[in-house]
Structure formats: C-alpha cells, structure tokens
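Heads up: the structure comes next, in structure tokens.
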Amino acid sequence: ILTLDDVDYFLHCSTHPHNIYVEILVETGVLGLILFLLFLIIFLHNIFQKFDFRSNLHCALVSLLITIIFPFQSTGSFFSSRYLFFYFITFIFINTFIINNKK
C-alpha cells in the first residue's frame, strides 16, 4: 500500500537525473552549464590563491568542497531540494574563512 509520502517521493524524485551537472545541462542548457562550470573554476582559482596548507580549517573546507562538486556522484535535485542549501552554505563558509581571510 502506497502512502501519500511514497507518492510524493516518487513524483519528485523521478524528475531529475541524480547528478548536478546533468541536471543543470538538462534544465538550463549548454549555456547554463558553461556558466556554472565557469563559476566553479573561478571560485577554485580564488581558493587556491589564498589557501594555507598549515590550516586545518582550510584543508577541511576544501575537502568538503571537492566532495560536493565531485562530478561522478549521485546527488539530489539541485534546484528543488536541500542539496542546494548545503552546496551554497559550503561556498559561503569557504568565502568567509579562506578568500576573505585578512591576516
């Protein structure tokens, strides 16, 4: 017997491909994927310019970012789930503690 929660799960989960890059490509097209990848490349470039290898916090945050942006993992929906929240919270913490870290 299916409950309303089961039906809700099946309806929402069946509409995305379970990979961020494929979902962005499908929903925004090639231009959206290029802009997203360009954002990631610029962000990673800024991180590694100010990265301090002696800081455990920097190493942990960069490890978390690499885990999140790994392209071959199965993910939730990027545009309609909590995954987007965790994605951008990671970017906010990295921006705060690495890029804008003024000593």
Side-chain angles (χ1 to χ4, degrees):
I1 296 174
L2 291 175
T3 64
L4 288 176
D5 291 333
D6 294 333
V7 172
D8 188 46
Y9 172 76
F10 289 125
L11 290 177
H12 284 90
C13 193
S14 66
T15 60
H16 64 91
H18 293 90
N19 185 299
I20 290 176
Y21 303 101
V22 174
E23 181 180 2
I24 291 174
L25 177 65
V26 168
E27 294 188 11
T28 63
V30 175
L31 182 62
L33 182 64
I34 289 171
L35 290 174
F36 181 72
L37 292 174
L38 188 63
F39 167 76
L40 283 179
I41 291 168
I42 291 170
F43 194 77
L44 287 171
H45 178 70
N46 288 336
I47 287 172
F48 288 114
Q49 278 185 341
K50 301 189 178 189
F51 186 73
D52 181 12
F53 289 99
R54 297 169 297 195
S55 171
N56 289 335
L57 179 63
H58 287 193
C59 291
L61 287 173
V62 170
S63 298
L64 178 63
L65 178 67
I66 290 171
T67 302
I68 288 175
I69 66 171
F70 185 69
F72 301 116
Q73 69 177 341
S74 178
T75 62
S77 176
F78 186 72
F79 294 108
S80 64
S81 72
R82 289 170 273 189
Y83 189 76
L84 182 66
F85 171 76
F86 293 119
Y87 203 82
F88 283 107
I89 283 294
T90 304
F91 281 102
I92 290 168
F93 280 133
I94 288 173
N95 192 33
T96 302
F97 292 115
I98 295 177
I99 295 175
N100 291 332
N101 189 10
K102 299 184 176 40
K103 293 183 179 182

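Quick note: residue numbers are just sequence positions, from 1.
- Applying the side-chain contact (heavy atoms from CB on, under 4.5 Å) criterion to Val26, with sequence neighbours excluded, gives Val22.
- Under the rule for a side-chain contact (heavy atoms from CB on, under 4.5 Å), the partners of Phe72 that lie at least two apart in sequence or sit in another chain are Phe70.
- Hydrophobic clustering (side-chain heavy atoms under 4.5 Å, transitive across Ile, Leu, Val, Met, Phe, Trp, Tyr) keeps Ile42 apart from Phe51.
- For residues 60-70, no pair satisfies side chain to side chain donor-acceptor pair (under 3.5 Å), with sequence neighbours left out.
- Within the model, atoms CD1 of Ile94 and CD1 of Ile68 stand 7.5 Å from one another, a figure rounded to the nearest 0.5 Å.
- Taking Phe85 as the reference, nothing meets the ring pair (Phe, Tyr, Trp, His ring centres under 6.0 Å) condition, with sequence neighbours excluded.
- Looking at Ile69 and Tyr21, their side chains come closer than 4.5 Å, going by heavy atoms from C-beta outward.
- When the side-chain contact (heavy atoms from CB on, under 4.5 Å) test is applied to Leu35, the partners found at least two apart in sequence or on another chain are Leu31.
- Under the 4.5 Å side-chain heavy-atom criterion for Ile, Leu, Val, Met, Phe, Trp and Tyr, Leu38 and Ile24 are members of distinct hydrophobic clusters.
- Under the ring pair (Phe, Tyr, Trp, His ring centres under 6.0 Å) criterion, Phe88 pairs with Phe91, sequence neighbours left out.
- Pairs of residues two or more places apart, or lying in two chains, that qualify as side chain to side chain donor-acceptor pair (under 3.5 Å) and include a residue from residues 30-50 are His45-Gln49.
- Hydrophobic cluster membership differs between Ile41 and Ile47, with clusters built from Ile, Leu, Val, Met, Phe, Trp and Tyr side chains linked at under 4.5 angstrom.
- Sequence neighbours left out, not one pair with a member in residues 28-41 passes side chain to side chain donor-acceptor pair (under 3.5 Å).
- The environment of CZ in Phe93 is sparse: at most 12 heavy-atom neighbours from other residues, nucleotides or ligands sit within 6.0 Å.
- Residues Leu44 and Leu65 meet the side-chain proximity criterion, which asks for heavy atoms closer than 4.5 Å.
- A search for side-chain contact (heavy atoms from CB on, under 4.5 Å) contacts involving Leu57 returns Ser55, Leu61, Phe97, not counting sequence neighbours.
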